[in-house]
Amino acid sequence: MIDPKLIRENINVVNAALAKRGASFDTGGLVGLDERRRGLIQETEKLKNEKNSLSNEIAKLRKSGADASDKIEYQRSLGKKIEDLAQDLKTAEAEWEQQLLVVPNIPDGSVPEGTSDEDNRIVKMWGEKPSFDFEPKAHWDLGENLDILDFKRAAKITGSRFTLYKSHGALLERALINFMLDLHVREHGYTEVLPPFMVNRTSMTGTGQLPKFEEELFHLEGVDYFLIPTAEVPVTNIHADEILKEDQLPIKYVAYTPCFRKEAGAHGKDTRGLTRQHQFNKVELVKFANPDNSFDELEGLLLDAEDVLKKLNIHYRVSALCTGDLGFSSAKTYDIEVWLPGQNIYREISSCSNFTDFQARRAKVRYRRQGGNKTELVHTLNGSGLAIGRTVMAVMENYQKADGTITVPEALRPYMHNMETIK
RNA sequence: GGAGAGGUGACCGAGUAGGCCGAAGGUGCUCGCCUGCUAAGCGAGUGUACGGUGAAAGCUGUACCCAGGGUUCAAAUCCCUGCCUCUCCGCCA
């Protein structure tokens with residue numbers, strides 16, 4: 001949620017910033033709703049004030065044994081009036097909030113302007129494309145030939161966009177999870193957490209998935225819980241409704257979780273292989289940062305995520321998303337795109353974002369400056385570190401041999417019983 | 001699933017024959033004083049949110065004692081529902 005005061009006082013600035021996202025967002029009604037809301041607040045509070053002082057008078061009269069029946073009579077009518085006004089206020093407030101909750105975050109000034117992913121700016125390249133003296137295969141062919149990925153049986157068990165990992169495939173997935181967790185905990189200073197994989201509606205609203213993107217989420221029957229689409233949701237909500245101390249910041253968490261997404265808008269897209277699944281594993285990095293240096297923290301977060309691919313020695317590039325490609329809650333995002341020789345493309349493997357105070361305002365994550373007396377909103381950040389399924393793809397395709405076997409990257413061997421080759 | 005107990009401020013913990021309770025006391029924290037350091041001591045302050053006013057500090061109003069309803073002129077205190085925690089039993093990984 002963006003700052004309501006900003007909308008109240010600088011609606012033009014807000015609209016101009018949002019326009020850079022490409023689509024137009026209707027902030028038109030917000031100013032009027034806000035005015036109406038505040039008018040009603042003033043009116044009801046005035047009446048309540050009158051009522052409160054009358055209550056005191058009645059109490060005094062009662063105590064001295066005097067008659068208070070006419071005051072009590074008046075109190076009754078006052079109560080009715082307040083009730084009516086409160087009803088109006090409730091609807092006005094709900095409407096105002098409902099509209100406010102679907103307004104996206106304002107892009108940071110450093111974000112390149114553009115309308116689609118074609119306008120994203122490549123800001124880093126690392127490593128080189130490996131060369132092969134044979135035609136490199138896509139991971140789905142490699143996986144089926146080695147019998148470590150079974151898409152057909154997963155479809156039988158559940159449906160499309162699921163995968164059954166087998167044998168060394170399952171081991172590789174598990175190894176990557178442990179490798180990444182260890183790296184971020186031991187070398188990058190994150191605290192490991194293992195959160196619930198289902199969350200309630202409030203948490204989903206706190207990070208911005210709701211109310212706008214409900215059709216993307218798996219909802220449970222019987223309880224109002226959702227399967228998480230990313231660990232960002234439970235982990236960012238760890239400090240929802242809390243007031244932190246300045247010297248606690250930055251707080252850095254790393255979490256492994258499975259992620260569940262409906263992929264409602266992606267029919268027919270990436271139907272083969274591990275690329276786009278309804279369920280996938282991910283190791284996620286989350287930071288709660290001081291607003292003064294949250295953009296530095298974003299650079300650090302990005303480096304932490306990149307480090308995974310560096311240690312695996314796999315070529316990638318980093319792009320800064322343009323204003324038109326930015327996610328709903330994000331003020332600035334870097335995508336790490338890994339090279340997949342079997343498909344001859346770069347594919348997003350991590351998305352690192354600074355949400356500034358957008359999620360913090362929704363989830364009420366605040367802090368108090370040293371010696372300060374006011375609470376302020378923290379900045380929240382997160383990034384994949386990394387998506388596991390897509391890392392499996394990257395390892396398989398980059399480390400494949402002509403005979404269809406896969407060399408295990410050195411960094412992973414301790415996590416795979418010192419295995420050198422998957423065959 | 002059955003039986004019982006409970007949910008008060010950063011934390012602990014008072015407060016139930018309804019009214020002056022945003023809430024005693026303690027701890028913690030902040031500031032000041034004091035002691036050559038450490039420990040201790042003394043004094044003051046210390047909830048959040050949303051409004052109004054102000055350049056700001058501040059002043060001021062309203063709400064909030066798990067959440068949502070209800071009774072009442074008036075509820076932390078009474079009633080109902082839900083959620084959560086704890087104990088015992090059952091069941092279970």
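So you know, we letter chains A, B, ... as the sequences are listed, proteins then strands, and number each from 1. Quick note: numbers below take in every heavy atom, side chains included, and nothing from hydrogens, waters or symmetry partners.
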Salt-bridge present (A:Lys156, A:Asp150; N to O < 4.0 Å):
no
Integer angstrom distance from the P of B:rU77 to that of B:rG19:
11 Å
Scan nucleotides 62-83 of chain B nucleotide by nucleotide, 5' to 3', and note B when protein non-hydrogen atoms come under 4.0 Å of the base, S if they reach only the sugar-phosphate, - if neither.
BS-----S---BS---------
A:Asn293 side chain to A:Asp296 main-chain N or O, any donor-acceptor pair under 3.5 Å?
no
Mate of B:rC42 across any strand shown (Watson-Crick or G-U wobble, both atom pairs under 3.5 Å) is B:rG32
Taking it one step at a time, do A:Glu113 and A:Lys20 satisfy salt bridge (Lys or Arg N to Asp or Glu O under 4.0 Å)?
CA-CA 7 Å; A:Glu113 283 192 39; A:Lys20 291 183 184 165; 3.7 Å; yes
For B:rC37, the Watson-Crick or wobble partner whose two distances fall under 3.5 Å:
none
Protein-nucleotides 45-49 of chain B N/O pairs under 3.5 Å:
unit_1, atom_1, unit_2, atom_2, d
B:rU48, OP1, A:Arg368, NH1, 2.5
B:rU48, OP1, A:Arg368, NH2, 3.3
B:rU48, O3', A:Arg366, NH1, 3.2
B:rA49, OP1, A:Thr375, OG1, 2.6

Taking the C1' atom in each of B:rA24 and B:rA14, what is the distance between them to the nearest angstrom?
6 Å
For B:rC73, which nucleotide in any strand shown is its Watson-Crick or wobble partner with both distances under 3.5 Å?
B:rG19
Atom-pair distance (CG on A:Leu244; P on B:rC29), nearest Å:
18 Å
Pair assignment for B:rC59, Watson-Crick or G-U wobble, requiring both distances under 3.5 Å
B:rG52
Quantified in whole Å, what is the P atom distance between nucleotide B:rG7 and nucleotide B:rC78?
11 Å
Strictly by modelled atom types, are A:Asn178 and A:Tyr256 linked by a side-chain donor-acceptor pair under 3.5 Å?
no
Between A:Phe328 and A:Phe213, does the ring centroid distance fall short of 6.0 Å?
yes
Could you tell me how the ring of A:His188 sits relative to the ring of A:His184: parallel (under 30°), tilted (30 to 60°) or perpendicular (over 60°)?
tilted
Given that both distances must come in under 3.5 Å, which nucleotide forms a Watson-Crick or G-U wobble pair with B:rC88?
B:rG2
For residues A:Phe260 and A:Phe280, determine if any side-chain heavy atom of one lies less than 4.5 Å from a side-chain heavy atom of the other.
no
Rounded distance (Å) that lies between atom C1' of B:rC21 and atom CG of A:Asn56:
12 Å
Under 3.5 Å for both donor-acceptor distances, Watson-Crick or wobble: does B:rU81 have a partner, and if so which one?
B:rA67
When you check the side-chain N and O atoms of A:Ser110 and A:Lys332, is any donor under 3.5 Å from an acceptor?
yes
What interatomic distance, in whole Å, is found between C1' of B:rG43 and the corresponding atom of B:rU35?
16 Å
Tell me yes or no: between the side chains of A:Gln248 and A:Tyr367, is some donor less than 3.5 Å from an acceptor?
no
Take atom P in B:rA76 and the same atom in B:rC89, then report the distance between them in whole Å.
39 Å
Taking OP1 and OP2 of B:rG51, is either one under 4.0 Å from a side-chain nitrogen or oxygen of A:Arg8?
yes
Whom does B:rG25 pair with, Watson-Crick or G-U wobble, provided both distances fall under 3.5 Å?
B:rC12
Just by distance, with hydrogens left out, do A:Ser55 and A:Gln75 show a side-chain donor and acceptor under 3.5 Å apart?
yes
What distance, rounded to whole Å, do you find between the two P atoms, one in B:rC84 and one in B:rU30?
37 Å
Rounded to whole Å, the CD-P distance (A:Glu242 to B:rG9) equals 14 Å
Touch check for A:Arg36, heavy atoms < 4.0 angstrom, all strands: base, sugar-phosphate only, or nothing?
nothing
Any luck finding a side-chain donor-acceptor pair between A:Ser351 and A:Asp335 under 3.5 Å?
yes
When the C1' atoms of B:rG52 and B:rA67 are considered, how many whole Å apart are they?
29 Å
Distance between the C1' atoms of B:rG28 and B:rG2, in whole angstroms?
42 Å
Between B:rA10 atom C1' and A:Tyr367 atom OH, what is the distance in whole Å?
18 Å
